[in-house]
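Computed over heavy atoms, backbone and side chain alike; hydrogens, waters and symmetry mates excluded. Proteins come first, then strands; the chains are lettered A, B, ... in the order of their sequence lines, and each starts at number 1. Everything quoted here is computed from the prediction, not taken from an experiment.
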2 protein chains.
Amino acid sequence: MPNGNHEKRRDAIRQLLLKGPAETQAWLVATLAADGHNATQSSVSRDLRELGAIKTARGYELPADNQAGDEQVAAVAGLLRTMQAAGPNLLVVKTAIGAAQRVALAFDRCNWPEVVGNIGGDDTVFVATESSIAQKNLITRIEHSARS
Amino acid sequence: MPNGNHEKRRDAIRQLLLKGPAETQAWLVATLAADGHNATQSSVSRDLRELGAIKTARGYELPADNQAGDEQVAAVAGLLRTMQAAGPNLLVVKTAIGAAQRVALAFDRCNWPEVVGNIGGDDTVFVATESSIAQKNLITRIEHSARS
DNA sequence: TCCGCATAAATATGCGCATAATTTGAACAT
DNA sequence: ATGTTCAAATTATGCGCATATTTATGCGGA
């Protein structure tokens, strides 16, 4: 394919984010270029999603890796089916039949700041978040944790 | 963006697959072109994934979908009590004592596009919808289905 | 016949481009 | 303060291209 710098570039981004938040994607593009990595804003956008980076007031940051949280979610990753926002502060997570309670418990244990609370039915979990932004960040977080 | 044919093209693919399996992606590309839809193999590949199409010995097929539909709701119509919107995207349905789970299951099976997900408690079902409009449509739909 | 192994066919994917969608910000009104 | 509206800035995404990856198809030797 066009370029196999994929992994290296992502590592570079990770390093940068560890030093401090990144204002904008454009800044990342420029800084990466200075380090010899070529990439467009498109790629950076996709990389950030892949890395599970979250946009905060300061800019893009890597979520403090809550080892415990990731493990909890990873443990039930196989039970997850789909996720969809319902309005600005409700996230609906569909799971394998009968697994919703277990998934809800896992989310609880993560102690994620975005989550106000959640309820599990049979194959559906309702997760209440405090705001629209929290909701979006939560989606990113779950996707990332489930893959790790 | 380059092209907004996205949805239409997918519909076209869906239609084709309903008529019969598609040998290869290349065949789909050609057939779509004949129907006036332009797309490369790349796009078709992604569309097929999006549609959930599966590759069988015959080629690509759509997984069989069970359209139970209104029957499900009609079956539990007698258990419904009241319905009320709670905010723009949550519908609260009260049911006969202990019937909520059954009602929630019926809603699930309907596969209504407005419904993001729902959870049944004891005599209450929370139904999450993606928007205020979806919610209103859903109310209409339930009322109609329950009467039929 | 049944394996490897080479090769071709088919499918999937990284990428940048163009552009859509969303968010931010400023100015003004309520 | 809070809401409203528009425009600019920022971010996200559909798409085709080029190419990587995976899967099917010989073909020769055991």
Side-chain angles (χ1 to χ4, degrees), chain A residues 1-14 16-17 21-33 36-62 83-85 87-89 91 114 129-141 143-144 147, chain B residues 1-14 16-17 21-33 35-62 88 130-131:
Chain A
M1 286 190 214
N3 194 350
N5 288 5
H6 192 211
E7 273 311 325
K8 277 174 225 156
R9 191 185 59 230
R10 271 182 204 170
D11 277 347
I13 294 179
R14 216 193 318 268
L16 287 174
L17 294 191
E23 272 293 332
T24 67
Q25 296 187 2
W27 180 85
L28 273 172
V29 170
T31 308
L32 285 170
H37 293 91
N38 274 62
T40 58
Q41 173 264 324
S42 308
S43 295
V44 170
S45 169
R46 291 186 265 240
D47 285 346
L48 286 172
R49 170 165 53 220
E50 201 62 26
L51 289 171
I54 282 315
K55 188 175 194 180
T56 70
R58 287 194 185 76
Y60 291 93
E61 295 182 28
L62 291 174
M83 246 185 313
Q84 189 180 345
N89 50 18
L91 179 64
E114 293 95 344
T129 55
E130 61 184 4
S131 68
S132 162
I133 294 171
Q135 184 194 62
K136 283 172 186 141
N137 287 344
L138 176 62
I139 292 174
T140 303
R141 228 199 254 262
E143 281 174 346
H144 184 257
R147 258 200 314 275
Chain B
M1 292 194 210
N3 194 347
N5 288 6
H6 191 217
E7 271 312 324
K8 278 174 225 155
R9 191 186 58 230
R10 274 185 200 165
D11 277 347
I13 293 179
R14 216 194 317 270
L16 286 175
L17 294 191
E23 271 294 331
T24 68
Q25 297 187 3
W27 180 84
L28 271 172
V29 170
T31 308
L32 285 171
D35 272 5
H37 293 91
N38 275 63
T40 58
Q41 174 265 325
S42 310
S43 294
V44 170
S45 168
R46 293 186 266 243
D47 286 345
L48 287 172
R49 168 164 56 220
E50 203 61 30
L51 289 171
I54 221 63
K55 188 175 193 180
T56 70
R58 287 194 181 77
Y60 291 94
E61 294 183 27
L62 241 33
E130 61 184 5
S131 70

Between [atom2] of [N] and [atom1] of [X], the distance in whole Å:
| X | N | atom1 | atom2 | answer |
| --- | --- | --- | --- | --- |
| Asp47(B) | dT13(D) | CG | P | 16 Å |
| Ile139(A) | dA12(D) | CD1 | P | 13 Å |
| Arg10(B) | dG14(D) | CZ | C1' | 9 Å |
| His6(A) | dT19(D) | NE2 | P | 18 Å |
| Arg49(B) | dT21(D) | CZ | C1' | 13 Å |
| Leu32(B) | dG16(D) | CG | P | 11 Å |
| Glu23(A) | dT24(C) | CD | C1' | 13 Å |
| Leu28(B) | dA12(C) | CG | C1' | 15 Å |

Criterion salt bridge (charged side-chain N to carboxylate O under 4.0 Å, His left out) on Asp11(B) and Lys8(B), from CA distance to verdict: CA-CA 5 Å; Asp11(B) 277 347; Lys8(B) 278 174 225 155; over 6 Å; no
Do the side chain of [X] and the base of [N] come within less than 3.5 angstrom through a donor-acceptor pair of N or O atoms?
| X | N | value |
| --- | --- | --- |
| Gln41(B) | dA10(C) | no |
| Arg46(A) | dG16(C) | yes |
| Thr24(B) | dT11(C) | no |

Comparing Thr40(A) and Ser132(A) on DNA chain C - which has the more 5′ nearest nucleotide: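 Closer to the 5' end of DNA chain C: Thr40(A).
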Is the shortest side-chain N/O distance from [X] to OP1 or OP2 of [N] below 4.0 Å?
| X | N | result |
| --- | --- | --- |
| Arg9(A) | dG14(C) | no |
| Gln25(A) | dA9(D) | no |
| Ser43(B) | dG16(D) | yes |
| Lys55(A) | dT10(D) | no |

Glu23(B) atom CD, over 12 foreign heavy atoms within 6.0 Å: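 Incorrect, the count does not exceed 12.
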Heavy-atom side-chain contact between Asn137(A) and Thr129(A) under 4.5 Å: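 They are not in contact (no side-chain heavy atoms under 4.5 Å apart), so the answer is no.
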Check: Arg49(A) main-chain N/O paired with Glu143(A) side-chain donor or acceptor under 3.5 Å: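 Not confirmed, Glu143(A) side chain does not pair with Arg49(A) backbone.
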Touch class at under 4.0 angstrom, heavy-atom based, for Ser45(B) against every strand present: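 Base, at least one base heavy atom under 4.0 Å.
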Difference in axis direction between the ends of the helix from dT1(C)-dA30(D) to dT30(C)-dA1(D), five pairs, 10°: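 The angle, to the nearest 10 degrees, is 50°.
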Residues which pass side chain to side chain contact (heavy atoms under 4.5 Å, CB included) with Ile54(B), listed by chain and number, not counting sequence neighbours: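 Result, side chain to side chain contact (heavy atoms under 4.5 Å, CB included) vs Ile54(B): Thr56(B).
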Passing option when Asp47(A) is tested against Arg14(A), Arg9(A), Gln25(A) for side-chain hydrogen bond (donor to acceptor under 3.5 Å, both in side chains):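 For Asp47(A), the side-chain hydrogen bond (donor to acceptor under 3.5 Å, both in side chains) check succeeds only for Arg9(A).
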Heavy-atom closest contact (Glu114(A) atom, Ala134(A) atom, distance):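 Residues Glu114(A) and Ala134(A), closest heavy atoms: CG-O, 3.5 Å.
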